[in-house]
Amino acid sequence: MPTSVSLIVDEIGQLCTIPTQDGGPQRGSQLGELGIITNAAVAISEGKIVNAGTREEILDNYHADRVISARGRLVTPGLIDPHTHAVWMGDRADEFEQRLQGVSYQEIMAAGGGINRTVQLTRAASVADLVEAAKLRLTRAMQHGTTTMEIKTGYGLNVETEMALLNAIALLDVEHPLDIVPTFLGAHAIPPEFADDPDGYVALVTDQMIPLVASWKEEHWPDAVYCDVFCEEGAFSLEQTRRIFEVARRAGLSLRLHADEFASLGGVELAIEMGARSVDHLLATTPEDAERLGMSDTIAVLMPATPFGLGIANTAPLPLLLQTNAIVALGSDCNPGTAWCENMQFTLALACRQLRMTPAQALCAATINAAFAVDQGFVAGSIEADRRADLVIWDVPDYRHLPYRFGTNMAGVVIKSGAIVYDSIPGV
Ligand SMILES: [Zn+2]
């Protein structure tokens with residue numbers, strides 16, 4: 001007797017299951033293991049994958065109330081976006097225009113623009129307005145194949161608004177189909193009121209904000225909550241980063257770091273030393289730090305949309321990271337300043353062109369490895385029994401189309417925890 005399940009996705013031309021490597025992320029040159037099954041099907045029940053295999057294996061063993069046909073198309077796990085700043089108010093289109101006229105991002109920041117401009121608008125907004133604005137972004141991401149998203153605070157930079165942003169993130173997790181992973185980024189920029197006393201702001205982060213985030217976690221969030229710092233010239237020094245990380249770690253928060261976006265301050269080494277889950281950006285990472293990443297479990301999150309958004313070269317040392325056996329993941333960095341793009345397909349397209357990733361490496365970096373970068377590597381990122389049924393039927397026949405084509409949406413049907421949340425293919 002076949003086992004009864006709630007949904008079968010049948011007639012999959014190419015199923016990329018994206019396996020783990022020995023139960024963990026795909027390290028170094030092992031990146032790109034797709035686990036392809038052709039003429040495949042996936043059985044789903046109660047929001048989880050029951051089994052995935054050839055059509056014969058699935059149809060002989062399972063019976064479903066609802067069967068949808070992929071009609072020979074590509075199916076992959078939902079994309080995981082491990083780095084976004086998706087909750088903010090307003091826009092900075094005028095700064096984009098200034099940058100095109102030759103003003104640098106650092107100059108714009110120094111003149112009160114950049115992050116602090118968004119902070120002003122975000123502080124003035126209500127939680128309800130922030131949630132509404134972010135929902136539109138989350139929906140766009142989901143319609144482009146993202147099923148799990150990390151979201152950072154960092155446009156509040158005072159106790160009240162940083163906590164409001166965390167509450168907005170928690171509301172989004174409840175009210176939107178996407179699974180959300182929260183990160184506290186109080187140390188995103190020095191707010192204007194502390195311009196002459198940056199250490200005073202660091203003390204506000206360590207003495208007031210982090211204890212509140214820790215109690216917020218106790219009350220609202222059983223899974224990992226992260227503390228992130230923008231360790232960069234003009235933002236937070238290495239020493240300030242260490243101070244914040246030490247307090248955050250003692251308070252039970254996990255760590256991740258913005259490092260080496262413009263200059264290498266030693267953040268990668270510090271993050272590894274303190275057991276951070278990821279270091280993100282890495283455009284200025286040294287060969288020595290690439291070696292260190294290769295010997296650690298800290299994941300290197302590359303975000304090609306950011307240098308693209310800034311119109312600068314992508315200098316992340318991908319070949320070296322793969323050679324040293326580092327774990328590489330991809331993220332969007334979706335934010336209003338440098339990379340307003342909710343579409344992870346575009347990140348794949350850029351990763352292949354700017355970083356010379358292969359299409360298979362890019363897909364694995366944006367699924368299983370990105371899942372491990374947000375501690376979801378055992379529940380998402382791969383099509384395997386008992387994981388969340390987060391799948392995308394792409395309106396293409398083969399995984400190589402995902403980075404090969406760009407500028408239009410190739411997501412056909414998005415299935416989130418077993419439910420169809422987006423469907424652009426009539427008759428599927
Ligand atoms: Zn960022």
Side-chain angles (χ1 to χ4, degrees), residues 80-88 91-92 95-96 105-106 108-109 113-119 122 134 137-138 141 146 148-157 162 165-166 169 180-190 205 225-236 241 244-245 248 254-265 267-268 271 276-285 298-310 312 314-316 328-344 346-347 350-351 365-366 370 373-374:
I80 313 273
D81 191 344
H83 184 135
T84 85
H85 305 253
V87 187
W88 77 79
D91 70 79
R92 306 212 306 258
E95 293 179 8
F96 169 62
Y105 181 65
Q106 285 92 335
I108 289 170
M109 275 212 291
I115 292 167
N116 277 326
R117 168 96 170 284
T118 303
V119 167
T122 303
R137 297 170 199 136
L138 269 54
T146 296
T148 300
M149 184 191 267
E150 184 259 16
I151 304 179
K152 302 173 197 299
T153 70
Y155 295 117
L157 308 186
E162 282 297 309
L165 286 167
L166 265 185
I169 291 169
I180 305 297
V181 176
T183 295
F184 164 67
L185 178 60
H188 193 193
I190 307 284
V205 171
V225 173
Y226 300 88
C227 176
D228 194 344
V229 176
F230 190 18
C231 180
E232 190 64 54
E233 281 170 0
F236 295 85
T241 303
I244 293 165
F245 268 9
S254 304
L255 306 177
R256 52 195 333 119
L257 187 67
H258 281 68
D260 301 355
E261 181 174 354
F262 300 105
S264 173
L265 303 188
V268 169
R277 179 62 64 235
S278 76
V279 282
D280 303 25
H281 282 300
L282 308 182
L283 297 180
T285 295
T298 298
I299 297 178
V301 177
L302 306 182
M303 298 177 291
T306 314
F308 174 85
L310 285 164
I312 60 173
N314 189 333
T315 47
V328 174
L330 287 170
S332 72
D333 196 22
C334 182
N335 78 83
T338 57
W340 188 339
C341 181
E342 298 93 341
N343 176 5
M344 281 285 285
F346 188 56
T347 291
L350 291 174
V374 288

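Whatever order the structure lists ligands and atoms in, that order sets their numbers, starting from 1.
- Shown here are the ring-ring contact (aromatic ring centres under 6.0 Å, His included) partners of Y155, two or more places apart in sequence or in another chain: H188.
- With sequence neighbours excluded, no residue satisfies side-chain hydrogen bond (donor to acceptor under 3.5 Å, both in side chains) with E232.
- For the Zn ion (ligand 1), protein N, O or S atoms closer than 2.8 Å were enumerated as H83 NE2, H85 NE2, H258 NE2, D333 OD1, with waters left out.
- In this structure, a donor-acceptor pair under 3.5 Å is present between the side chains of H83 and H258.
- D81 and T146 share no side-chain donor-acceptor pair at under 3.5 Å.
- For A351 against P304, the heavy-atom pair with the smallest separation is N-CG, 3.8 Å.
- Considering only residues two or more places apart in sequence or on other chains, F346 meets the ring-ring contact (aromatic ring centres under 6.0 Å, His included) condition with F308.
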